[in-house]
Undergrad: 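Let me give you the structure first, and then I'll get to my questions.
Letters A, B, ... are given to chains in the order of the sequence lines, protein chains preceding strands, and every chain is numbered from 1.
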Amino acid sequence: MSQQGKPQTAITPTRADNYQDWYQEVIKAADLAENSDVRGCMVIKPWGYALWENIQRVLDGMFKETGHVNAYFPLFIPVSFLEKEAAHVEGFAKECAVVTHHRLELRDGKLVPTGELEEPLVVRPTSETIIGASFAKWVQSYRDLPLLINQWANVVRWEMRTRLFLRTAEFLWQEGHTAHATQQQAVDETMKMLGVYAEFAENYMAMPVIQGEKTAGERFPGAVSTYCIEAMMQDRKALQAGTSHFLGQNFAKASGIQFTDENNQLSHAWTTSWGVSTRLVGGMIMSHADDDGMICPPRLAPQHAVILPVAQKPEDRARVLEYCRALQKELKAQWFAGAPVRVELDDRDLGGGVKSWQWIKKGVPLRLEIGPRDIDKDSIFMGRRDKGPKEKTSIARGELVSTIATLLQSIQDGLYQRALAFRTEHTREINTKDDFYAFFADPPKKKPNDPTPIHAGFALAHFNGDPALEAKIKDDLKVTVRCIPLDAKLGGGPGTCPFTGEPSKQRVVWAKSY
RNA sequence: CGGGGCGUAGCGCAGCCUGGUAGCGCACUUGGUUCGGGACCAAGGAGUCGCAGGUUCAAAUCCUGUCGCCCCGACCA
């Protein structure tokens, strides 16, 4: 305890003191990413990129398992393509990077663009239109359907305000694009992929999510309906962690994706698109990290365990290192969640405490400290990242090796349960307008420049579905409908809209959001 | 794009109001002590004070402009 009576933490400020700054400090302390020299763009550093690679690896497997194949489409989209779908234009036109020239010339020591393009190219903000153009060529007959394609790519959206992982001008994502012969098949695909995202979020990221449909105001530009998974972050704001869109025939009509059906009738295909991005890394940070830094959910952790040799006397060093290497080899031969256990041996010549804290901040699930005394007992001094930094226990080597998968899974489960309990604690059914406004009232700021204080959480309230009402509430409170939950337990059946007294089909999730 | 804050050593900051030639903590290097831990002592290295102009004998400090970052708004995955 410090003089102020607060426990010393590796991250300052703490979540309670200043959530926004805390978030940035965690990213810095865990060495996940940094701002680049290019405004709004981030450099994803190896530890952060490894998280993304694990996300990619698992999701890619799930996509393949559900019959999808990967392909790659151009980064550049002719402006005329984007113009094809009216709502789409409106949604993305304001945030596009546009390529207008194809050459640079040296004039007075400065490189200036020359060679203007006949038609400007947009750096893809999303790929519906360019992929649609390909689909139009690939689809002739109902026998060509369904077409189930995914692409891993970068996209650019020229954002006003950026935040590492959560909103950057360029980001990495995957976008699935599918075409189907019938509306029902496309709707089924939309829901199936929403389910895949929810399963991934909960089982791999240990991040509980609410599956639901977006209201008209929050819908993807050009979609008939948009579904999403929404998670609660530790500041009780909602994070849209993944989206799945039923596009109807809108894009098929815009791109001319037509096929001849069994009855020799020409019709437009029904399409879907769905995506998750590097935003998920931000979601993991804000779901699990604490005042000592990152906490990686074991299933996606770049390393499951780190071995920290404790050999302070030079004469012990060789013996300790040898023991550590043998243990590393033995642990790597174990399996966890369908892959070999990932173990790093950190034999850098650094002070023991400093080294240990680096790994705490990076969020590695297990720290294994091994010194001469442990070797004599054939045991390991183990720290779990989901417990306090000082809360370390001794475990027999054999037991560690045989139970490491169980240990990692128990950390994984613990993180999920903790996040779920947090969400439950801060989710409330609300039945009157007054209660609703009171629930979301901002605590007073101490200084004008203070970050927005942490607000109440999720409200489950009835809603008559009027977009104007939703806009008014957004205006008043900065609160929006995050989704119309699919889960009947959350929806709770018909009721009365507390704002209008009109009938409401079910409760919806209201919250402030990222 | 509007309002506010901040750019000083690798990192975190003080100094600025009241101009006088740059300092603290951590990190780094070396030597010693310590040895189940974010150690201690000593010595040392490291900064065109974001950038560009201006005022002045003299600018980190005052003035103007500019760039970047952060927070709050508008917009968004």
Undergrad: Between B:rC26 and B:rA14, how far is it from one C1' atom to the other, in whole Å?
TA: 15 Å
Undergrad: With nearest nucleotide decided by heavy atoms, which residue, A:Ala169 or A:Asp21, maps closer to the 5′ end of RNA chain B?
TA: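 Result of the comparison: A:Asp21.
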Undergrad: Between B:rC40 and B:rG4, how many Å separate the two C1' atoms, rounded to a whole number?
TA: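 Taking atom C1' in both B:rC40 and B:rG4, they lie 44 Å apart.
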Undergrad: More than 12 heavy atoms of other residues, nucleotides or ligands under 6.0 Å from CH2 of A:Trp152: is that the case?
TA: yes
Undergrad: For the C1' atoms, the ones on B:rC57 and on B:rG19, what distance do you get once it is rounded to whole angstrom?
TA: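 That atom pair is separated by 12 Å.
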Undergrad: What is the separation between atom CD on A:Gln24 and atom P on B:rG12, rounded to the nearest whole Å?
TA: 11 Å
Undergrad: Taking 4.0 Å as the cut-off, does a side-chain nitrogen or oxygen of A:Asn35 come that near to OP1 or OP2 on B:rC70?
TA: yes
Undergrad: Base, sugar-phosphate or nothing for A:Thr168? Non-hydrogen atoms, less than 4.0 Å.
TA: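 Base: the residue A:Thr168, judged by heavy atoms under 4.0 Å, touches a nucleobase.
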Undergrad: Report which part of the nucleic acid A:Pro389 touches: base, sugar-phosphate, or nothing (heavy-atom distance under 4.0 Å, all strands).
TA: nothing
Undergrad: Centroid separation under 6.0 Å, is that true for the rings of A:Trp510 and A:Phe436?
TA: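 Yes, close enough.
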Undergrad: Work out how far the C1' atom of B:rA52 is from that of B:rG5, and round it to whole angstrom.
TA: 22 Å
Undergrad: For B:rU56 and B:rC13, measure between their C1' atoms and round to the nearest Å.
TA: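 B:rU56 and B:rC13 have their C1' atoms separated by 30 Å.
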Undergrad: A:Arg39 side chain N/O closer than 4.0 Å to the phosphate oxygens (OP1, OP2) of B:rC69?
TA: yes
Undergrad: Under 3.5 Å for both donor-acceptor distances, Watson-Crick or wobble: does B:rC1 have a partner, and if so which one?
TA: B:rG73
Undergrad: When all nucleic acid strands are considered with a 4.0 Å heavy-atom cut-off, which category describes A:Leu166: base, sugar-phosphate, or nothing?
TA: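 Result for A:Leu166 = base.
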Undergrad: Answer with base, sugar-phosphate or nothing: what part of the nucleic acid does A:Glu159 contact at a heavy-atom distance below 4.0 Å?
TA: base
Undergrad: Do A:Trp52 and A:Phe165 make the cut of ring centroids closer than 6.0 angstrom?
TA: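 Judged by ring-centre distance (under 6.0 Å), A:Trp52 and A:Phe165 do not meet the cut-off.
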Undergrad: Could you tell me how far apart A:Lys237 (NZ) and B:rC71 (C1') are, to the nearest whole angstrom?
TA: 11 Å
Undergrad: Quick one: A:Arg163 CZ to B:rC69 C1', roughly how many Å, whole number?
TA: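 Spelled out: CZ on A:Arg163 to C1' on B:rC69 is 14 Å.
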Undergrad: Applying the Watson-Crick and G-U wobble criteria at under 3.5 Å, what pairs with B:rG20? Answer none if nothing qualifies.
TA: B:rC57
Undergrad: If the C1' atom of B:rA27 is compared with that of B:rG45, how far apart are they to the nearest Å?
TA: 13 Å
Undergrad: Tell me which of A:Asp475 and A:Ser277 sits closer to the 5' end of RNA chain B, going by the nucleotide each one is nearest to.
TA: A:Asp475
Undergrad: Would you say a side-chain N or O of A:Gln20 is under 4.0 Å from OP1 or OP2 of B:rC70?
TA: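 No.
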Undergrad: For A:Lys355 and B:rG36, give me the distance from atom NZ to atom C1', rounded to whole Å.
TA: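 It is 13 Å, rounded to the nearest whole Å.
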Undergrad: With P as the reference atom in both, quote the distance from B:rU30 to B:rG20 in angstrom, rounded to an integer.
TA: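 Rounded to whole Å, the distance is 38 Å.
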Undergrad: Please determine if a side-chain N or O atom of A:Lys478 lies less than 4.0 Å away from the OP1 or OP2 oxygen of B:rC72.
TA: no
Undergrad: What is the ring orientation for A:Trp22 with A:Tyr19, classed by angle as parallel under 30°, tilted 30 to 60°, or perpendicular over 60°?
TA: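 Tilted, since the angle between the ring planes falls between 30° and 60°.
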Undergrad: In the structure shown, which nucleotide is the Watson-Crick or G-U wobble counterpart of B:rA42, with both distances under 3.5 Å?
TA: B:rU30
Undergrad: Taking CD in A:Glu322 as the centre, count heavy atoms belonging to other residues, nucleotides or ligands within less than 6.0 Å. Is the count above 12?
TA: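 Open.
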Undergrad: Work out how far the P atom of B:rA39 is from that of B:rG7, and round it to whole angstrom.
TA: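 To the nearest whole Å, 29 Å.
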Undergrad: With 3.5 Å as the limit, what N/O pairs link the protein to nucleotides 37-41 of chain B?
TA:
residue : atom : partner  : partner atom : Å
B:rG37  : N7   : A:Glu369 : OE1          : 3.4
B:rG37  : O6   : A:Glu369 : OE1          : 3.0
B:rG37  : N2   : A:Gln312 : NE2          : 2.5
B:rG37  : N3   : A:Gln312 : NE2          : 3.1
B:rG38  : N9   : A:Trp357 : NE1          : 3.1
B:rG38  : N7   : A:Trp357 : NE1          : 2.9

Undergrad: Relative to each other, are the rings of A:Trp274 and A:His68 parallel, tilted or perpendicular (30° and 60° limits)?
TA: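 If you compare the ring of A:Trp274 with that of A:His68, the planes turn out perpendicular.
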Undergrad: In Watson-Crick or G-U wobble terms, both distances under 3.5 Å, what is the partner of B:rG7?
TA: B:rC67
Undergrad: By the definition side-chain hydrogen bond (donor to acceptor under 3.5 Å, both in side chains), identify the one residue from A:Asp21, A:Asp291, A:Asp235, A:Asp290 that meets it with A:Arg15.
TA: A:Asp291
Undergrad: Whole angstrom is fine here: how far is it from CZ in A:Arg161 over to P in B:rG73?
TA: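 Rounding to the nearest Å, CZ of A:Arg161 and P of B:rG73 are 7 Å apart.
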Undergrad: Given side chain to side chain contact (heavy atoms under 4.5 Å, CB included), test A:Ile149 with A:Phe135 step by step and report yes or no.
TA: CA-CA 10 Å; A:Ile149 301 285; A:Phe135 278 18; 3.8 Å; yes
Undergrad: Side chains of A:Thr226 and A:His245: donor-acceptor distance under 3.5 Å anywhere?
TA: yes
Undergrad: Would you mind reading off the distance between A:Tyr514 atom OH and B:rC75 atom C1', rounded to a whole angstrom?
TA: 17 Å
Undergrad: Separation of A:Lys94 atom NZ from B:rA74 atom C1', in whole Å?
TA: 11 Å
Undergrad: Between A:Gln303 and A:Lys362, is any side-chain donor less than 3.5 angstrom from a side-chain acceptor?
TA: no
Undergrad: For a quick check of understanding: with a heavy-atom distance under 4.0 Å over all strands, which category does A:Phe220 fall into, base, sugar-phosphate or nothing?
TA: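 Answer is nothing: A:Phe220 stays at 4.0 Å or more from every strand.
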Undergrad: Can you tell me the distance, in whole Å, between the CZ atom of A:Arg348 and the C1' atom of B:rC28?
TA: 15 Å
